[in-house]
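Indexing begins at 1, ligand by ligand and atom by atom, following the structure's order.
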Amino acid sequence: MSAPFATQLLDWFNQHRVDLPWRRDPTAYHVWLSEIMLQQTQIDTVIPYYMRFLENYPSIGKLASTDIDAILKQWEGLGYYSRARNLHKTAQIVANEHDGEFPNTVDGLLKLPGIGRYTAGAIASIAFDVSAPVLDGNVIRVFTRLLDMDDDVTQTATKNKLWDVAEDWVTETRAGDYNQALMELGQYICRPKSPNCADCPIQSHCQAFAHGTQNNRPVKKKKAPTPHYDVSAGLIRNDDGKLLIAQRPMDGLLGGLWEFPGGKQEDGETMEECLARELREELAIEVEVGELFVTVKHAFTHFKITLHAYACVYQGAMPPHTEPQAIEAKDWAWVTEDELDNYSFGKADRQVIQALRDRQDMLF
Ligand code: SF4
């Protein structure tokens, strides 16, 4: 059964669809790339990254044969770096095991790294015209309002219920347009605050509008406060004036990115003690921790950090070693300040680099 409002929604989309680069030639490669970039990220932020990626990697084969470090460098600033690592893995699987062609079914797409139910539905419907549903934050908002549903949408049971609705309502034909229309309606008309019901093409089907409850939908349980951590980082110089940087392990937060080494403060230790301990554990080195150079704040999805970066003087590797050891790091390097641009860093470390450049006169 198609959605009772499908015709009105598709007519509206015919007239109002926004021109986006990935809509001009919606091949599976283009749709996949845009959908991965759009996870947790605004359209305006994604557009220049998408354009640059296509320029550098016009085909999945080219992307598959590129080194992961180069891809992470291109991804720098977009955040959620596991997306870039999965992008690379998927490109290699598609290029090597599927002759460069994406699977054209939801089940086939779900087997690829980084592709969940939403992304599989989006690629299948938009690129292959398969009648497959999508459910993202915009669609959840539209559905809970259409149905005037007061279930808590942070609960898995509610999400499952909404997936069932999405399955029921997705159209047999033009499913890609129908899905994009729903998401676009959620973005521009059925907005989180003050939905523009007066211009809504499916208002006559909306129970929340009829009951005047649209501003109370969807119902979301209040989140627990976001945890905060203090983290130390060392700006460690050697006798040649070079800085020591370390590459994070590939798995986990900011995996594969470079950083000024350091780590999370533990109970009962000062920030200076924390830094000295982390450097021993991570790289087996001793440093003299000097002045606090800069403090920067950064928010991740589930926690926030304050990064305290200290000027440090390199004292040497811990015996029996003669140089740093990549113990809790993937790699390390001594680099000049200019060479920092050749490496991929997360946002907080980029702010530290900016502070280094802004405060040349105060260099230690
Ligand atoms: Fe959303 Fe208002 Fe349209 Fe209902 S009538 S779907 S609340 S914009």
Are the charged groups of [X] and [Y] less than 4.0 angstrom apart, N to O?
X: Glu97; Y: Lys89; value: no
X: Lys220; Y: Asp152; value: no
X: Asp19; Y: Arg24; value: yes
X: Asp129; Y: Arg174; value: no

* To do: Please state whether the rings of Trp169 and Phe5 are parallel, tilted or perpendicular, taking 30° and 60° as the class boundaries.
  =>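 Perpendicular.
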* **Option passing ring-ring contact (aromatic ring centres under 6.0 Å, His included) with Trp22 (candidates Tyr49, Tyr29, Tyr50, Phe53)** =>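 Per the ring-ring contact (aromatic ring centres under 6.0 Å, His included) rule, the option paired with Trp22 is Tyr50, out of Tyr49, Tyr29, Tyr50, Phe53.
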* Which residues and atoms, protein N, O or S only, are under 2.8 Å from atom 1 (Fe) of ligand 1? -> Cys190 SG
